[in-house]
Amino acid sequence: MKFFIDTANLAQIKEAQDLGVLDGVTTNPSLMAKEGITGQANVLAHYRAICDIVDGDVSAEVISTDFEGMVREGEILAALDEKIVVKIPMIKDGVKALKYFSNKGVKTNCTLIFSAGQALMAAKAGASYVSPFIGRLDDISTDGLGLIESIRLIFDNYAFDTEILAASVRHPMHIIECAQIGADVITGPLSAMEALMKHPLTDIGLAKFLADHAKANG
Ligand code: E4P
């Protein structure tokens, strides 16, 4: 299972990379705006900076919503670095753009997936990744993890190469349940990954070991 971090914050990306378990980064226009990255030149420079830090795929999202615009933007993004994965929204022109890039051997991530039908269309168009947003589905009392299960079944039935990138992950149980279901990748905040390492009995046990060692050694 691959771990991607879902942020455009360079310090957090570096921290996750230094942990040694990071496989990639996902960004989106909201995350770029949150970091105050505006204007095409700055956006492209920021993606380059991310690629310099991380060992793995870096999803960079197009802003256009028409086929020609998505192709134009995606080609500029893909030329930045071989780590760049062009992130394309699940809309009709987006499906055409996925097919275009798939034919050219450019990696893609189809974003804003909220149904199994959308995931199937993206896989048919040759997407490298599909991103079902499980947290946002949970937010509206819908079963986000159930969607991952359903997509897993469909992709396995037909041996699609498209990887399931569980997105909008909010907490450690999302990661564990995605791992149980067989999502290929999760993307989420650093806090969710860090929470996987924590257990109160580990802290209590370590404190006792150190205290016993100190008592015995003076
Ligand atoms: C995925 O690629 C998106 O960037 C992201 O996971 C959305 O997460 P959110 O619902 O927490 O904004």
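Whatever order the structure lists them in is the order used to number ligands and atoms, beginning at 1. When a residue number appears, it is its place in the shown sequence, counting from 1.
Panel note: side chain Gln17, backbone Ile13; no donor-acceptor pair is recorded below 3.5 Å.
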List, pair by pair, the atoms of ligand 1 and of the protein that are both N or O and lie under 3.5 Å apart, giving the separation rounded to 0.1 Å.
| from | atom 1 | to | atom 2 | distance (Å) |
| --- | --- | --- | --- | --- |
| ligand 1 | 2 (O) | Lys87 | NZ | 2.6 |
| ligand 1 | 4 (O) | Asp6 | OD1 | 2.9 |
| ligand 1 | 4 (O) | Asp6 | OD2 | 3.4 |
| ligand 1 | 4 (O) | Asn28 | ND2 | 2.7 |
| ligand 1 | 4 (O) | Lys87 | NZ | 3.4 |
| ligand 1 | 6 (O) | Asp6 | OD2 | 2.7 |
| ligand 1 | 6 (O) | Ser168 | N | 2.7 |
| ligand 1 | 10 (O) | Arg136 | NE | 2.7 |
| ligand 1 | 10 (O) | Ser168 | OG | 2.7 |
| ligand 1 | 10 (O) | Arg170 | NH2 | 2.9 |
| ligand 1 | 11 (O) | Arg170 | NE | 3.4 |
| ligand 1 | 12 (O) | Arg136 | NH2 | 2.8 |

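Across Asp138 and Asp143, no two heavy atoms sit closer than the pair OD1-C, 4.1 Å.
A donor-acceptor contact under 3.5 angstrom links the side chains of Glu35 and Asn9, judged on distance only. No side-chain donor-acceptor contact under 3.5 Å links Tyr158 and Lys124. If you check the side chains of Thr26 and Ser59, you find no donor sitting under 3.5 Å from an acceptor.
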Which pairs of donor and acceptor atoms, one on a side chain in residues 193-208, lie under 3.5 Å apart (sequence neighbours left out)?
| from | atom 1 | to | atom 2 | distance (Å) |
| --- | --- | --- | --- | --- |
| His199 | ND1 | Leu201 | N | 3.0 |
| Lys208 | NZ | Asp212 | OD1 | 3.2 |
| Lys208 | NZ | Asp212 | OD2 | 2.9 |

